[in-house]
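Take a look at the structure below.
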There are 2 protein chains.
Amino acid sequence: MKLTELKAIQLAALFSALNDASRVRIISLLIDCEMSVSALAEGLKMSESAVSHQLRGLRQMRLVRARKEGRQVFYTLDDDHVVKLYSMGLDHVEHG
Amino acid sequence: MKLTELKAIQLAALFSALNDASRVRIISLLIDCEMSVSALAEGLKMSESAVSHQLRGLRQMRLVRARKEGRQVFYTLDDDHVVKLYSMGLDHVEHG
DNA sequence: TGAATAATTGAGCAGGTGTTCATATATTAT
DNA sequence: ATAATATATGAACACCTGCTCAATTATTCA
């Protein structure tokens, strides 16, 4: 299966969305429900700044969508395709 | 879906296997057929050293298997699960 | 044996990534 | 207005990655 360099880069970028444990955990929490930055930070035991930085990246990749309500910002998954990748990957890790 | 830190790390590691354009292209070639290091290097227009370094990583992740024949080493995919991830990702990149 | 070929390996380096820390912005409450 | 809260942002830093280059190993051929 020959692959153009462009598609290889796009494919690599897609998988890069899930190649960090912090991002994987963020995605895993957002699968269940919408969450604010501070709720994510608490659930993941990460600083709000670190979470915010990661969310920024996920936002730029269009994997996550932000909804502002008062001074909180709630995040949800924007791309269900990534959830499928996540599930397939988890399945592989769990029953190998 | 709560995720332990260990599983998050394992999941991230799995996706890290495909988060680089060179590796994606290596996988894409190996989907079709077994290939030697030099054939891969030529097909990808990469140095044999660079290809070999990447293959080492893929080997350590058990995604690729080596078979020695004379002074050549032929590589094949060892893990069909990764092919599924690859295909699903490619599908996403190609049609929406 | 020595030369040539195929692949591997280690060092070194440039570029990228994820965190912390400090600061800035936006919104709400007093 | 000021203070407090929620998030975002930029700089700095440590760590990781993927490449090149040089050297090494293993195999074949003359």
Side-chain angles (χ1 to χ4, degrees), chain A residues 3 5 8-30 33-76 78, chain B residues 3 5 8-30 33-76 78:
Chain A
L3 205 59
E5 178 65 12
I9 290 172
Q10 293 175 324
L11 202 40
L14 174 64
F15 288 112
S16 294
L18 292 166
N19 85 138
D20 170 78
S22 297
R23 278 192 297 278
V24 164
R25 293 167 76 216
I26 288 174
I27 300 288
S28 81
L29 288 180
L30 293 181
C33 57
E34 187 180 59
M35 287 180 83
S36 70
V37 177
S38 53
L40 282 168
E42 196 192 337
L44 302 172
K45 278 164 183 58
M46 287 174 63
S47 75
E48 299 186 4
S49 178
V51 171
S52 187
H53 275 296
Q54 292 291 10
L55 287 170
R56 185 189 201 215
L58 293 171
R59 225 165 48 222
Q60 287 172 345
M61 287 189 255
R62 309 271 158 120
L63 302 184
V64 128
R65 193 173 27 201
R67 178 180 68 81
K68 193 162 189 176
E69 184 180 317
R71 53 193 147 187
Q72 296 187 82
V73 177
F74 291 93
Y75 281 85
T76 49
D78 192 11
Chain B
L3 205 59
E5 177 66 13
I9 290 172
Q10 293 175 325
L11 202 40
L14 174 63
F15 287 111
S16 293
L18 292 166
N19 84 139
D20 171 77
S22 296
R23 278 192 296 278
V24 164
R25 293 168 75 217
I26 288 174
I27 300 289
S28 81
L29 288 181
L30 293 181
C33 57
E34 187 180 58
M35 286 181 82
S36 70
V37 176
S38 53
L40 282 168
E42 195 191 338
L44 302 172
K45 279 164 183 56
M46 287 173 63
S47 75
E48 300 187 5
S49 177
V51 171
S52 188
H53 276 296
Q54 292 291 9
L55 287 170
R56 186 189 201 215
L58 293 171
R59 224 163 50 220
Q60 286 171 344
M61 290 188 252
R62 309 272 158 120
L63 303 183
V64 127
R65 193 175 24 203
R67 177 179 70 82
K68 193 161 187 176
E69 185 179 317
R71 53 193 148 187
Q72 297 186 84
V73 177
F74 290 93
Y75 281 85
T76 49
D78 192 10

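A note on names: the letters A, B, ... follow the listed sequences, proteins ahead of strands, and every chain is numbered from 1.
- Minimum atom distance to the side chain of A:Ser52 is reached by D:dA8, of the listed C:dT9, D:dC19, D:dA8.
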Taking N or O atoms only and anything under 3.5 Å, show me the protein contacts with nucleotides 22-30 of chain C, one pair per line.
from, atom 1, to, atom 2, distance (Å)
C:dA26, O3', A:Lys68, NZ, 3.3

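- Closest contact between the side chain of B:His53 and the listed nucleotides D:dG18, C:dA11, D:dA8 involves C:dA11.
- Side-chain contact check for B:Ile26 versus B:Leu44: some heavy-atom pair is nearer than 4.5 Å.
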inquiry  = Let's go through B:Leu3 and A:Val24 carefully: what are the C-alpha distance in whole Å and the side-chain angles of both, what is the deciding distance for side-chain contact (heavy atoms from CB on, under 4.5 Å) to 0.1 Å, and is it a yes or a no?
reply    = CA-CA 9 Å; B:Leu3 205 59; A:Val24 164; 3.4 Å; yes
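- When the side-chain nitrogen and oxygen atoms of A:Arg25 are compared with OP1 and OP2 of C:dG18, none of them lie within a distance under 4.0 Å.
- B:Tyr75 and B:Arg67 are not linked by any side-chain donor-acceptor pair at a separation below 3.5 angstrom, with hydrogens and angles left out of the test.
- Straight-line distance from the CG atom of A:Leu55 to the C1' atom of D:dA8: 11 Å, rounded to whole Å.
- B:Met46 places none of its side-chain heavy atoms less than 4.5 Å from the side chain of B:Leu40.
- Here A:Tyr75 reaches the OP1 or OP2 of D:dA8: one of its side-chain N or O atoms lies under 4.0 Å away.
- Atom CD of A:Glu42 sits in a sparse spot, with 12 or fewer heavy atoms from other residues, nucleotides or ligands closer than 6.0 Å.
- The side chain of A:Glu48 has D:dT7 as its nearest neighbour among D:dT7, D:dC19, C:dG18.
- Side-chain N/O atoms of A:Gln54 include one lying less than 4.0 angstrom from OP1 or OP2 on C:dT19.
- Phosphate contact (OP1/OP2 of D:dC19, side-chain N/O of B:Arg23, threshold under 4.0 Å): absent.
- When the side-chain nitrogen and oxygen atoms of A:Arg56 are compared with OP1 and OP2 of D:dT7, none of them lie within a distance under 4.0 Å.
- When side chains are defined from C-beta on, B:Phe15 does not count as touching B:Asn19, because their heavy atoms never get closer than 4.5 Å.
- Between A:Leu18 and B:Leu11 there is no side-chain heavy-atom pair separated by less than 4.5 Å.
- Residue B:Ser38 has no polar side-chain atom (N or O) positioned under 4.0 Å from OP1 or OP2 of C:dA6.
- Checking C:dT8, C:dT20, D:dT7 against the side-chain heavy atoms of A:Ala50 singles out C:dT20 as nearest.
- Within the 4.0 Å cut-off from OP1 or OP2 of C:dT19, at least one side-chain nitrogen or oxygen of A:Ser22 is found.
- Each of B:Phe74 and A:Met46 was matched to the nucleotide of DNA chain C holding its nearest heavy atom; the match closer to the 5' end belongs to B:Phe74.
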